[in-house]
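Only one structure is covered here, and it is reproduced in the block below.
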Amino acid sequence: QVQLVESGGGLVQAGGSLRLSCAASGRTETKYAMGWFRRTPGKEREFVAAISWSGDSTYYADSVKGRFTISRDNAKNTVYLQMDSLKPEDAAAYYCGAKRYSGSYYFPQKYDYWGQGTQVTVSS
């Protein structure tokens, strides 16, 4: 079992920045890939970014490429999502997920554990 706790959400003006964190605890010795997804009311969970366990490979949704950066610090069991140049359409609840096995990073069904989410609000 792995427990994930997101933090760092809040209210920011359009064009501003936020850094989300996702801290893992529990069976962190397993090599999990990590991903960030977001959801707005009435919509499905949407892929945002993912990172391999080693950090060597990263993946981004087209909508955030060039603005968001995913990174991880395995010594701290923490994954980060640096969000720059935020737009009103980035407003959502952001969730981090942990994925044990190989396969697509883009689908939430492939992830085994989830955090409770952190809300990001972007004012125009």
Side-chain angles (χ1 to χ4, degrees):
Q1 276 287 71
V2 171
Q3 293 78 45
L4 303 174
V5 178
E6 302 96 334
S7 61
L11 172 64
V12 64
Q13 285 191 328
S17 298
L18 281 175
R19 188 175 83 153
L20 305 183
S21 299
C22 173
S25 61
R27 298 197 63 176
T28 56
E29 68 276 10
T30 302
K31 296 181 179 180
Y32 295 99
M34 301 294 292
W36 286 96
F37 287 73
R38 65 189 181 188
R39 185 167 61 194
T40 52
K43 292 190 175 181
E44 296 293 323
R45 201 167 290 196
E46 174 192 26
F47 172 76
V48 176
I51 188 167
S52 62
W53 179 84
S54 65
D56 289 345
S57 299
T58 56
Y59 309 86
Y60 295 95
D62 288 342
S63 59
V64 307
K65 208 171 288 185
R67 300 188 297 121
F68 291 10
T69 304
I70 189 170
S71 61
R72 67 188 299 163
D73 184 340
N74 287 342
K76 295 182 178 179
N77 295 318
T78 302
V79 176
Y80 306 97
L81 185 68
Q82 177 67 41
M83 305 188 296
D84 299 319
S85 303
L86 281 160
K87 304 176 181 180
E89 52 264 41
D90 294 317
Y94 282 72
Y95 300 85
C96 71
K99 188 169 79 71
R100 288 177 291 180
Y101 303 114
S102 62
S104 175
Y105 289 87
Y106 299 98
F107 300 103
Q109 301 92 317
K110 299 296 185 182
Y111 289 75
D112 302 289
Y113 303 103
W114 292 96
Q116 82 292 345
T118 186
Q119 184 67 40
V120 171
T121 304
V122 183
S123 63
S124 57

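Heavy-atom basis, side chains included; hydrogens, waters and symmetry copies ignored.
Side-chain contact between Phe68 and Trp36 is absent, with no heavy atoms from C-beta onward closer than 4.5 Å. The shortest side-chain heavy-atom distance between Thr30 and Val2 does not fall under the 4.5 Å cut-off. Counting only heavy atoms from C-beta outward, the side chains of Ser63 and Glu89 never approach each other to under 4.5 Å. Using a 4.5 Å heavy-atom threshold, the side chains of Tyr80 and Thr69 count as separate. Counting only heavy atoms from C-beta outward, the side chains of Ser7 and Thr118 never approach each other to under 4.5 Å.
Judged by distance alone, with hydrogens and angles left aside, the side-chain atoms of Asn74 form no donor-acceptor pair with the main-chain N or O of Ser54 at under 3.5 Å. In this structure, the side chain of Ser52 engages the main chain of Ser57 through a donor-acceptor pair within 3.5 Å. The backbone N or O of Ser85 lies less than 3.5 Å from a partner atom in the side chain of Arg67, making a donor-acceptor pair.
Ser71 contributes atom OG, which lies 11.5 Å from atom CE of Met34 (distance to the nearest 0.5 angstrom). To the nearest 0.5 Å, the span separating CG on Leu18 from CG on Leu11 amounts to 8.5 Å. How far CD of Gln3 is from CG of Asn77: 11.5 Å, rounded to the nearest 0.5 Å.
Between Tyr95 and the choices Arg39, Glu6, Gln116, Arg38, the side-chain hydrogen bond (donor to acceptor under 3.5 Å, both in side chains) rule is met once, by Arg39. The one candidate from Ile51, Ile70, Val48 that meets the side chain to side chain contact (heavy atoms under 4.5 Å, CB included) condition with Tyr60 is Ile70.
Scanning all heavy atoms of the two residues, the minimum distance from Leu4 to Ala24 falls at CD2-CB, 3.7 Å. Contact detail for Tyr105 and Lys99: the closest heavy-atom pair is CD2-CE, 3.8 Å. Nearest heavy atom pair, residue Ser104 against residue Tyr106, reads OG-N, 3.0 Å. The two residues Arg72 and Trp53 make their nearest non-hydrogen contact at NH1-CA, 3.2 Å. Taking both residues in full, the closest heavy atoms of Ala49 and Leu81 are given as CB-CD1, 4.1 Å, listed atom of the first, atom of the second, then distance. Taking both residues in full, the closest heavy atoms of Pro88 and Ser124 are given as CG-CB, 3.9 Å, listed atom of the first, atom of the second, then distance.
Tracing side-chain contacts under 4.5 Å through hydrophobic residues (I, L, V, M, F, W, Y), one never reaches Tyr94 starting from Tyr59; they form parts of separate clusters.
Within 6.0 Å of the NZ atom in Lys65, the count of heavy atoms belonging to other residues, nucleotides or ligands exceeds 12.
The pair Lys87-Asp90 fails the salt-bridge criterion, with no side-chain N (NZ, NE, NH1 or NH2) lying under 4.0 Å from an Asp/Glu carboxylate O.
Annotation: Phe37 is in aromatic contact with Tyr111 [ring centroid separation under 6.0 Å].
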